[in-house]
Amino acid sequence: MREFSSTATSTLQTLFAKRAVQGQGGLLTGQDPTVYNTTDPLRLWVIQLGVILMMAQLLGLMLGKIRQPRVIAEILGGILLGPTAFGRIPGFTNHIFPTSSLPFLSLTANIGLCLFLFIIGLEIDPSIIRRNLRLSVVVSLAGVLFPFAIGCGISVGLYRNFIASSTNFHYFMLFIGVSYSITAFPVLCRILSALKLLDTTVGLIALSAGVANDVIGWSLLALAVAFVNATSGLTALWTFLTCVAYTLFLLFPVKWALRWLARKTGSTVHGPTVFYMSVVMLILWGSAFFTDIVGVNAIFGAFVVGVIVPREGGISIAFVEKLEDMVQIIFLPLYFTISGLNTNLGLINTGTAWGFVFAIAALDFTGKFTGCTLSSRALGFSWREATAVGSLMSCKGLVELIVLNVGLSAKILTQQVFSMFVLEALILTFSTTPLVNLIYPPKYRTFGLGVVTVHTVSEDDSEGEKYIGEGSVVVEDEAWRHRFAVVLDEFSHMPGIMALTKLVLPPTAEDPASRGRQTLKTSVNALRLIELSERTSTLMKSAMTERLISTDPLVGVFKMFFGEESDMPVSASLSVVAHNEWAHAVAEHAQRHGSQLVLIPWIPPWPGSAPDPSELGSSQSRGGKPELNPFDMFFGLPSKDNSASTLYSHFVRGVFRHSKTDVALFVDMGENAGVDGQQHILFPFFGGPDDRLALEFVVQLCTNPRISATVIRIGKRSEQPGILRPESAFVDEKAEPGSPVTLSGNFPNTIYAKPNTAFLLQSETADDLTWTRYASPSFERDTHAQLRSALSRMEFTDLSHALPLHALVQRAKQLRETHRRLLVVAGRSKRLVQEGLEGELKQLVEERKYMDHEMVRNTVGDVATAFVVAAGAQSGVIVVQGTGDGVVDV
């Protein structure tokens with residue numbers, strides 16, 4: 001890109017030149033919109049942009065199905081639009097990409113390339129190298145020096161067969177060596193994200209080495225360009241020393257000035273201001289201009305400016321968020337098209353040329369793979385982990401294309417050699433994902449420290465952590481839960497999760513309700529979930545979790561309220577994972593911390609056409625969720641509802657399915673009046689494992705003197721002629737009795753296979769014993785004081801009704817008249833229960849005219865859905881599910 005400054009100057013002169021008078025009719029007057037006009041290039045540029053974007057999007061959707069990074073589609077799209085494929089169509093190149101229009105297209109692409117290198121500089125986190133200095137230096141140097149030597153070796157054969165003798169061999173050898181030593185760090189990050197390797201040991205090694213390799217690679221490229229552009233060795237030395245001096249000027253005085261200005265303008269607190277961004281943009285383009293005119297490429301100046309932008313207060317992430325969409329959607333495909341127009345695979349038309357293509361790819365992979373594998377193995381990692389690192393570091397992508405384009409513009413590479421290396425970059429990048437999956441499948445993965453998940457412990461957490469790994473603490477023969485895992489995801493769910501957490505925690509020592517009450521040593525482990533998407537900004541967040549967890553507002557509010565105000569041991573962890581992996585992250589977090597109950601919030605969809613409250617003002621709901629892919633139909637996949645409420649419902653159902661810990665879901669009905677005053681609970685007991693767990697949960701809640709409960713056992717009823725029992729359309733006859741059935745979609749529903757008679761009898765016996773234990777307790781004198789106190793505030797009744805759901809809704813309304821705060825607790829599933837409620841629930845839905853009830857039912861079960869449908873009868877619903885599928889011991 002040596003001609004960057006001259007191209008910009010000539011383009012501006014053309015644009016400001018005197019225009020000839022043109023017809024104003026345009027297409028209506030018979031003018032061809034594809035005819036290029038140097039005084040008005042916008043028309044053709046828009047056509048070119050449309051063709052390029054459609055090609056990139058089309059290939060991206062198809063290749064995304066085989067988990068290939070987007071850069072593969074963009075490289076392939078550029079090649080197809082060039083002389084290799086579409087260029088062979090008569091008139092295509094002359095009309096869409098005429099030679100006279102390429103300077104304007106190239107200028108736009110190079111502007112985007114400078115912005116992209118600025119983003120790459122923002123991605124470089126020096127703290128990653130500092131934390132893993134030995135690992136970064138050893139693996140990155142081995143991944144640079146060994147491939148560089150092999151590249152210099154193969155350059156001899158390439159020079160003799162394909163390069164004219166007038167080209168300086170040493171410059172050619174230098175460019176081939178640099179292209180071999182490069183690793184595409186942006187592509188590497190996206191592959192790690194797509195394969196869910198960011199929090200693994202291999203991800204830690206590759207990320208650390210990739211950062212260091214990126215810095216070394218761009219330095220080598222700057223050196224190579226300095227040599228090529230210099231007229232003599234002394235000039236090259238002066239150019240390189242000037243570049244070094246300028247880099248040091250940026251890294252110290254300018255960096256300090258930017259940090260001071262960020263603090264002065266408040267950018268470290270409220271994000272970068274317009275003034276601060278303007279200053280950074282001026283420095284960016286000034287730096288690109290300076291490095292271009294001194295004989296080094298403009299992209300190097302843009303890269304260094306990205307490195308010096310302060311990381312304090314998330315400024316670098318904010319810059320990336322503001323720039324990444326335009327750069328990735330518009331500018332990068334333009335640059336790949338410029339490369340594709342210079343790529344002609346038809347020139348590889350001899351056996352010798354094809355032999356060198358495979359030799360280039362094989363030797364490039366061998367150099368990277370061998371160097372990084374042996375160095376990783378020398379550091380003590382297993383052979384499987386070391387070979388996975390070697391495979392990951394061999395990805396090329398955009399960065400090698402930048403090196404190749406610089407060599408082509410400098411006349412060091414011919415179009416034939418350029419095409420050979422483009423094909424090699426495509427082959428290596430394409431093979432990275434399947435090769436890593438083959439070498440390092442999920443069952444062999446180990447997790448590193450500090451890459452994606454960060455865990456912080458409060459000062460008082462030692463008392464809570466000492467119980468991890470033990471069973472439930474037994475208080476007066478009652479196994480009550482005292483270690484809780486709390487999920488924090490977005491602000492709209494904070495009222496619900498804080499109300500549920502406040503409800504399950506015992507009163508504080510200052511609370512009058514705690515006097516004379518034996519309390520458990522309770523601990524809370526909060527998990528903050530941030531969605532990991534393909535966006536560069538979220539990938540940066542995954543590498544900056546240590547800073548994020550200390551500044552995250554949700555974690556701060558939660559720890560302030562429950563840690564300091566309630567004097568409760570509270571620890572916080574932060575995970576940056578893909579949205580479809582949130583459920584696994586919650587299950588692993590609960591298991592890792594020995595939690596006994598997972599607490600999660602959910603806001604159900606509003607009836608009718610009202611908006612989902614979780615979609616109002618929530619950046620988390622708007623960004624990065626799975627998008628509609630029109631190619632789903634070609635792969636036999638059903639269409640998806642991607643509303644925020646539906647996606648969160650999928651997450652909740654995933655937690656219910658994968659959690660090895662009991663789960664309590666708070667269904668926020670939008671009436672959070674708080675839980676500090678008197679609270680009354682309504683619990684309908686139908687029977688089954690989840691209802692038995694829910695009954696124990698209600699008893700534990702009632703140990704708080706401010707909470708009372710009404711427990712209603714629903715008896716057997718006869719089927720009513722007006723209510724039809726629907727067929728079990730979703731039941732798998734091959735499923736085990738009492739086990740959940742997974743449908744053809746991605747998430748399980750609350751539908752269970754029909755249990756056999758033995759299971760039903762055993763479950764009914766367990767129901768009777770559990771009910772008798774609490775409804776008709778027999779205590780010895782002066783024992784079980786706390787349990788007796790709890791049961792004294794609980795009313796146990798029986799109900800046999802033809803329409804039990806209607807009767808329960810009516811009872812809730814009656815209780816609401818005498819209790820200001822009413823809460824409903826329900827077991828999620830009715831497995832191992834003979835009575836079906838589907839018909840009555842359908843009737844209730846029709847009466848209330850509630851929409852989306854199927855999603856609610858699949859999430860919380862039949863009983864809870866009845867209370868959600870009858871909105872206004874209660875202030876909230878808690879849905880409980882146990883871990884076991886069988887029957888508890890009795």
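The figures that follow rest on heavy atoms only: side chains count, while hydrogens, waters and symmetry mates do not. FYI, the numbering just counts along the sequence from 1.
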Legend entry - Ser339 versus Asn405, side-chain donor and acceptor atoms under 3.5 Å: yes
Inset, instruction - Check the side chains of Thr183 and Lys368 for a donor-acceptor pair under 3.5 angstrom, ignoring hydrogens and angles. - result: yes
Say whether, by atom type as modelled, one donor and one acceptor occur between the side chain of [X] and the main chain of [Y] under 3.5 angstrom.
| X | Y | value |
| --- | --- | --- |
| Thr429 | Cys395 | no |
| Ser287 | Val304 | no |
| Thr167 | Ile163 | no |
| Arg311 | Ile315 | no |
| Asn342 | Ile338 | yes |
| Asp214 | Gly210 | no |
| Thr387 | Trp383 | yes |
| Thr291 | Ala288 | yes |
| Glu74 | Pro333 | no |

Side-chain contact, heavy-atom cut-off 4.5 Å: [X] with [Y]?
| X | Y | answer |
| --- | --- | --- |
| Val403 | Phe175 | yes |
| Leu379 | Arg134 | yes |
| Ile283 | Leu258 | yes |
| Trp582 | Glu531 | yes |
| Phe369 | Ser394 | no |
| His584 | Ser575 | no |
| Trp218 | Ile402 | yes |
| Tyr335 | Leu398 | yes |

Look up atom [atom1] in [X] and atom [atom2] in [Y], then write down how far apart they are to the nearest 0.5 Å.
| X | Y | atom1 | atom2 | result |
| --- | --- | --- | --- | --- |
| Phe116 | Ile299 | CZ | CD1 | 10.5 Å |
| Ile176 | Leu363 | CD1 | CG | 12.0 Å |
| Ile530 | Leu574 | CD1 | CG | 4.5 Å |
| Ile150 | Ser181 | CD1 | OG | 11.5 Å |
| Leu122 | Phe303 | CG | CZ | 10.0 Å |
| Thr239 | Asn229 | OG1 | CG | 8.0 Å |

Inset, instruction - Quick one: do Val144 and Leu220 satisfy side chain to side chain contact (heavy atoms under 4.5 Å, CB included)? Show the steps, please. - result: CA-CA 10 Å; Val144 169; Leu220 287 175; 3.9 Å; yes
Legend entry - Step-by-step side chain to side chain contact (heavy atoms under 4.5 Å, CB included) determination, Ile439 to Tyr444: CA-CA 9 Å; Ile439 294 175; Tyr444 293 109; over 6 Å; no
Inset, instruction - Please work out whether the ring planes of Phe252 and Trp256 are parallel, tilted or perpendicular, with thresholds of 30° and 60°. - result: perpendicular
Inset, instruction - Anything under 30° is parallel, anything over 60° is perpendicular, the rest tilted; go ahead and classify Phe172 against Tyr159. - result: tilted
Closest heavy-atom pair and its distance - [X], [Y]:
| X | Y | answer |
| --- | --- | --- |
| Leu174 | Ala224 | CD2-CA, 3.4 Å |
| Val399 | Ala184 | CG2-CA, 3.6 Å |
| Pro69 | Val187 | CG-CG1, 4.2 Å |
| Thr242 | Val294 | CG2-CG1, 4.5 Å |
| Ala142 | Pro147 | O-CD, 3.6 Å |
| Ile182 | Gly217 | CD1-CA, 3.7 Å |

Inset, instruction - Hey, could you give me each pair passing ring-ring contact (aromatic ring centres under 6.0 Å, His included) that has a residue in residues 220-250? Not counting sequence neighbours. - result: Tyr246-Phe290
Inset, instruction - Verify the ring-centre separation between Phe356 and Phe162: is it less than 6.0 angstrom? - result: yes
Inset, instruction - Report the C-alpha separation of Phe300 and Leu221 in whole Å, then their side-chain angles, then the decisive distance to 0.1 Å, and conclude whether the side chain to side chain contact (heavy atoms under 4.5 Å, CB included) test is met. - result: CA-CA 9 Å; Phe300 183 76; Leu221 178 60; over 6 Å; no
Legend entry - Option passing side chain to side chain contact (heavy atoms under 4.5 Å, CB included) with Phe336 (candidates Leu81, Val71, Thr343, Ile52): Val71
Legend entry - Pair Leu392-Tyr440, side chain to side chain contact (heavy atoms under 4.5 Å, CB included): steps then yes or no: CA-CA 11 Å; Leu392 285 166; Tyr440 198 54; over 6 Å; no
Inset, instruction - Using the test salt bridge (Lys or Arg N to Asp or Glu O under 4.0 Å), find all partners of Asp364 that sit at least two apart in sequence or belong to another chain. - result: Lys396
